[in-house]
Amino acid sequence: MEDFEKGKLVSSGKAKSLYESPNPDYYIMHYRDDASAFDGVKKESLEGKGATNNKFNAFIMDFLEKEGVPTHFERLLSENESLVKRLEMIPVECVIRNIAAGSICKRLGIEEGLDLNPPTFEFFYKDDELHDPMINEYHIESFDWATENQVDQMKEKTFQVNEILKNLFADAGMILVDYKLEFGSFKGELLLGDEFTPDGCRVWDSQTREKLDKDRFRQDLGDVVESYQIIAKKLGMEQIN
Ligand code: TMP
Ligand code: ASP
């Protein structure tokens, strides 16, 4: 993999930093070893997480692209870096839940593990200080965060991803419990942006229902990066560590 010169820092999130690249249409996404949860309240550095997530994301984005979901991902540049299209991000998180876990259990008083049939969809406003409040499509349009057409596309694409990835994980002996996607526009086209890694989804072993995702970090279950690598290996990813 070549060494691609990083330019100016564009923005830095809780686990990734974005840099300019020599081409104004592209950014370099750097996956750091930082882990964070509860809107940045719990923080730790986990050796190898950045490289693991970088490669994990590349595998999933490539897979989605081949299955007809357009994404911002171009290619891996190095252990911790990927080249991505420069998107104008929509400040909204799209969540699909196949099984109840996390915030929906608290919010609606449901037991973890309940099958959600059909899967449920939620929008959240991306703002840590406000604790990513749940919103609906009217908020998105009233505050001009996205157009009606983009809202429709975000929902459609998030469900399309569910059909693709639910099967991918099931065939590898795992359950895709829930996940979060973010979208942005590139020259007028809506593309899947950000990342798809175990930081932003829940994955359980189908047999044992053991948690393999970031809940291991949130709930202090240990072996966080090791579990991410177990998911990766089960999915057939090579050279993940
Ligand atoms: P939740 O149960 O906390 O609402 O999260 C649902 C899923 O979406 C879970 O896999 C974590 C992911 N998610 C994020 O990665 N970042 C976020 O800011 C939110 C709200 C959810
Ligand atoms: N937005 C949250 C955070 O990373 C999501 C989580 O708890 O994982 O702080």
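Ligands are counted one by one from 1 in listed order, and the atoms in each one are counted from 1 as well.
- The minimum heavy-atom distance between Leu9 and Ser17, with the atom names listed, is CD1-CB, 3.9 Å.
- Each of the atoms 10 (O) of ligand 1 lies under 4.0 Å from some heavy atom of Cys201.
- Ring pair Phe121/Phe123 is perpendicular by interplanar angle, where above 60° counts as perpendicular and below 30° as parallel.
- Remark: Lys43 NZ is loosely packed, at most 12 non-hydrogen atoms of other residues, nucleotides or ligands lying under 6.0 Å away.
- Side-chain atoms of Tyr27 and His72, non-hydrogen and from C-beta on, never get closer than 4.5 Å to each other.
- Interface atoms of ligand 1 facing Ala101, defined by a heavy-atom separation under 4.0 Å, are 2 (O).
- Ligand 1 lies out of reach of Cys105, whose nearest heavy atom is not under 4.0 Å from it.
- The shell of residues lying under 4.0 angstrom from ligand 1, judged by heavy atoms, includes Arg218.
- Taking 4.5 Å as the limit, some side-chain heavy atom of Arg97 sits within range of a side-chain heavy atom of Arg202.
- Residue contact annotation: Arg97 has a non-hydrogen atom under 4.0 Å from ligand 1.
- In this structure, Asp199 counts as a contact residue of ligand 1, since one of its heavy atoms falls inside 4.0 Å of the ligand.
- Here is the list of ligand 1 atoms found below 4.0 Å of a heavy atom in Gly102: 2 (O).
- The distance criterion of under 3.5 Å between nitrogen or oxygen atoms is not met by Tyr179 with respect to ligand 1.
- Salt bridge annotation for Lys85-Glu189: absent, with no cationic side-chain nitrogen under 4.0 angstrom from a carboxylate oxygen.
- Using cut-offs of 30° and 60° on the angle between ring planes, the pair Trp145 and Tyr125 is parallel.
- A salt bridge links Lys180 to Glu182: one of the charged nitrogens lies within less than 4.0 Å of a carboxylate oxygen.
- Heavy-atom proximity to Glu93, at under 4.0 Å, picks out these atoms of ligand 1: 17 (C), 18 (O), 19 (C), 20 (C).
- Near Lys180, with a cut-off below 4.0 Å to any heavy atom, the atoms of ligand 1 are 8 (O), 12 (C), 13 (N), 14 (C), 15 (O), 16 (N).
- Using a 4.0 Å cut-off to heavy atoms of Gly200, the atoms of ligand 1 that qualify are 10 (O), 12 (C), 15 (O).
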